[in-house]
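Mind having a look at this structure? Questions to follow.
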Amino acid sequence: RTERKVSEGHTGFDWKADANVTLEQDLARRDLTVNAMARAPDGQLIDPFGGAKDLRQGLLRHVSDAFMEDPLRVYRVARFAALLPDFHVAQETSEIMAAMAASGELSALSAERVWQEWVKAMNAPATGRFFQILDDSRAMSPWFTEVDVKRVHWVFTRGSYRNDIESNGSLGWVHEIEVIEALMDRLKAPRHHRTTARVIAEVGPVLADFCGGHPDTLLDALTIAGAFRSEEAMEHVFGVVEVCAERSCDRLRELVAELRTMNLGETNVEGAEYGRLLRCARINHIADCL
């Protein structure tokens with residue numbers, strides 16, 4: 001198939017697919033040379049744009065000027081760089097990405113499509129490169145304007161995150177909660193992604209230093225983190241803290257399990273008074289354990 005640009009954004013194309021479209025014409029409109037190869041039935045490699053050579057050299061290079069017609073490709077290249085840490089982006093491709101960013105077309109993309117590339121980057125082995133490539137191409141705006149690339153590089157060289165929720169959540173370790181809120185709102189992030197990042201921004205350091213803090217402050221932090229609402233959500237927070245603070249949360253996990261099962265036994269106290277007394281009991285238990 002081939003397509004013709006007719007309007008802004010990644011959906012603004014008129015498609016043509018019929019027997020008159022050659023394979024070479026199809027490949028000419030792919031994004032990168034390493035994605036513009038084919039194999040004939042007899043095994044012959046069809047590689048009109050040098051994709052095999054670029055593959056051997058670890059080079060991410062755009063195929064043609066048709067690259068500029070789809071602004072989503074800017075984020076795809078950055079995501080490929082995060083997925084393939086040993087590959088580098090060709091200078092001419094970085095320049096064309098910068099030109100696309102300067103044109104303002106990136107703002108025509110939908111949040112849903114940008115989020116898809118974001119999540120894939122969050123699951124990549126070198127997530128920090130996603131932001132570095134975009135920064136090099138002056139393409140952090142308009143979607144990721146608030147992100148501090150240097151801080152993000154630090155976050156993603158600390159260790160490996162277990163999933164995209166925790167990888168995404170780690171941004172809260174180095175950004176203020178207002179930044180996280182603005183970024184997650186713009187990307188229309190799912191609730192569990194934005195919650196983890198927001199919690200880390202608000203109480204991550206408190207949880208990391210749980211042995212050195214006040215019992216009531218730690219209890220408040222655990223409550224904000226959802227320790228008494230969702231074990232899964234709390235585990236995501238623990239995962240981020242363990243990587244960013246480089247310390248085990250196993251003792252804190254045990255403490256949370258103990259706090260969850262606490263009750264006041266047989267009592268006639270109900271409502272707000274019961275909650276107040278339970279809080280006092282939990283604070284005393286934390287004090288005894290620290």
Side-chain angles (χ1 to χ4, degrees), residues 122-123 127-128 146-148 150-184 189-265 267 269 272-290:
M122 289 294 133
N123 280 315
T127 300
E146 302 91 346
V147 175
D148 187 311
K150 291 183 178 179
R151 292 182 180 182
V152 164
H153 177 76
W154 181 89
V155 161
F156 290 110
T157 55
R158 303 294 285 176
S160 299
Y161 299 93
R162 296 177 295 187
N163 51 62
D164 53 89
I165 295 175
E166 294 175 17
S167 182
N168 180 79
S170 69
L171 297 180
W173 192 266
V174 291
H175 292 93
E176 296 178 351
I177 193 167
E178 293 80 9
V179 170
I180 295 300
E181 293 284 7
L183 181 64
M184 294 295 102
R191 179 183 56 80
H192 46 287
H193 282 80
R194 68 171 66 215
T195 297
T196 301
R198 185 173 61 244
V199 166
I200 291 297
E202 189 170 356
V203 300
V206 175
L207 298 177
D209 189 34
F210 67 92
C211 287
H214 295 289
D216 55 340
T217 301
L218 178 57
L219 181 60
D220 289 340
L222 290 172
T223 302
I224 290 171
F228 309 113
R229 297 192 307 273
S230 169
E231 292 185 33
E232 182 181 8
M234 191 71 238
E235 186 55 36
H236 287 317
V237 173
F238 284 148
V240 177
V241 171
E242 287 184 321
V243 174
C244 291
E246 294 185 321
R247 65 168 303 172
S248 171
C249 286
D250 286 348
R251 180 64 193 100
L252 192 52
R253 286 185 177 90
E254 294 173 358
L255 179 59
V256 168
E258 295 164 4
L259 295 174
R260 284 190 186 120
T261 59
M262 288 186 65
N263 60 71
L264 300 181
T267 177
V269 179
E273 181 62 12
Y274 183 92
R276 187 187 69 81
L277 294 175
L278 180 59
R279 173 179 169 82
C280 289
R282 282 172 167 168
I283 290 174
N284 291 334
H285 183 74
I286 292 173
D288 290 341
C289 293
L290 299 183

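Values below: all heavy atoms of this structure, side chains included; hydrogens, waters and symmetry mates excluded. Model, not experiment: these values are computed from the prediction.
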Can any side-chain N or O of Thr217 pair as donor or acceptor with the backbone N or O of Gly213 at less than 3.5 Å?
no
Using a 3.5 Å distance criterion without hydrogens, assess whether the side chain of Thr195 forms a donor-acceptor pair with backbone atoms of Arg191.
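Yes, the answer is positive, given that a donor and an acceptor are paired below the 3.5 Å cut-off.
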Search all heavy atoms of Thr157 against all heavy atoms of Trp154 and return the closest pair with its distance.
OG1-O, 3.1 Å
Rounding to 0.5 Å, atoms CD1 (Ile180) and CD (Glu146) come to a distance of 9.0 Å
Taking His175 for the side chain and Leu171 for the main chain, is one N or O donor matched with an acceptor at less than 3.5 Å?
yes
Measure across Ala221 and Val206 and return the closest heavy-atom pair with its distance rounded to 0.1 Å.
CB-CG1, 3.8 Å
Sort and list the pairs that fulfil ring-ring contact (aromatic ring centres under 6.0 Å, His included) and have at least one residue in residues 216-263, not counting sequence neighbours.
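Residue pairs passing ring-ring contact (aromatic ring centres under 6.0 Å, His included), neighbours aside: none found.
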Any chance you could measure Leu219, atom CG, to Leu222, atom CG, to the nearest 0.5 Å?
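Going from CG on Leu219 over to CG on Leu222, the span is 6.5 Å.
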Closest approach of Ser170 and Val155, non-hydrogen atoms and distance?
OG-CG1, 3.0 Å
In Å and rounded to the nearest 0.5 Å, what is the CD1 to CZ distance from Ile286 to Phe210?
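So the CD1 of Ile286 and the CZ of Phe210 are separated by 11.0 Å.
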If you compare all heavy atoms of Cys249 against all heavy atoms of Val241, which two are closest, and at what distance to 0.1 Å?
SG-CG1, 3.7 Å
Test: Asp220 and Arg279 ion pair at under 4.0 Å
yes
Could you check if a side-chain atom of Phe156 sits within less than 4.5 angstrom of a side-chain atom of Arg151, using non-hydrogen atoms only?
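Answer no - side chains too far apart.
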For residues Asp250 and Glu242, determine if any side-chain heavy atom of one lies less than 4.5 Å from a side-chain heavy atom of the other.
yes
Would you call Glu231-Arg253 a salt bridge at under 4.0 Å N-O?
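Not counted as a salt bridge, because no side-chain N and carboxylate O are separated by less than 4.0 Å.
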Worked check of side chain to side chain contact (heavy atoms under 4.5 Å, CB included) between Asp148 and Val152:
CA-CA 6 Å; Asp148 187 311; Val152 164; 5.6 Å; no
What I'd like to find out is whether the side chain of Met262 reaches to under 4.5 Å of the side chain of His285, using heavy atoms alone.
yes
Step-by-step side chain to side chain contact (heavy atoms under 4.5 Å, CB included) determination, Leu207 to Met234
CA-CA 11 Å; Leu207 298 177; Met234 191 71 238; 4.1 Å; yes
If you count the non-hydrogen atoms of other residues, nucleotides and ligands that lie under 6.0 Å from CD in Glu273, is the total more than 12?
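More than 12 heavy atoms, drawn from other residues, nucleotides or ligands, come within 6.0 Å of this atom.
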Non-hydrogen atoms of Asn263 and Tyr274 that approach each other most closely
CB-OH, 3.7 Å
Measure the spacing between CZ of Arg198 and NE2 of His193 and express it to the nearest 0.5 Å.
13.5 Å
Measure the spacing between CG of Leu218 and CD1 of Ile283 and express it to the nearest 0.5 Å.
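So the CG of Leu218 and the CD1 of Ile283 are separated by 10.0 Å.
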Between the side chain of Arg247 and the main-chain N/O of Ala208, is any donor-acceptor distance below 3.5 Å?
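Confirmed, Arg247 side chain pairs with Ala208 backbone.
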Can you check whether Ser167's main-chain N or O pairs, donor with acceptor, with Arg162's side chain at less than 3.5 Å?
no
For residues Arg251 and Cys289, determine if any side-chain heavy atom of one lies less than 4.5 Å from a side-chain heavy atom of the other.
yes
Do Arg194 side-chain atoms and Ala189 backbone N/O form a donor-acceptor pair below 3.5 Å?
yes
From Leu264 atom CG to Leu277 atom CG, the distance as rounded to the nearest 0.5 Å
6.0 Å
Side-chain (Asn168) to main-chain (Asp164) donor-acceptor, under 3.5 angstrom
no
Please check if atom NE2 in His153 has more than 12 non-hydrogen atoms from other residues, nucleotides or ligands closer than 6.0 Å.
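Counting other residues, nucleotides and ligands, NE2 of His153 stays at 12 neighbours or fewer.
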Salt bridge flag under 4.0 Å for residues Glu246 and Arg158
yes
If every non-hydrogen atom of Trp173 is compared with every non-hydrogen atom of Pro205, which pair is closest and at what distance?
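Closest approach of Trp173 to Pro205: CZ3-N, 3.9 Å.
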When you check the gap from the basic side-chain N to the acidic O, do Arg282 and Glu258 get nearer than 4.0 Å?
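Salt bridge flag = no for Glu258 with Arg282.
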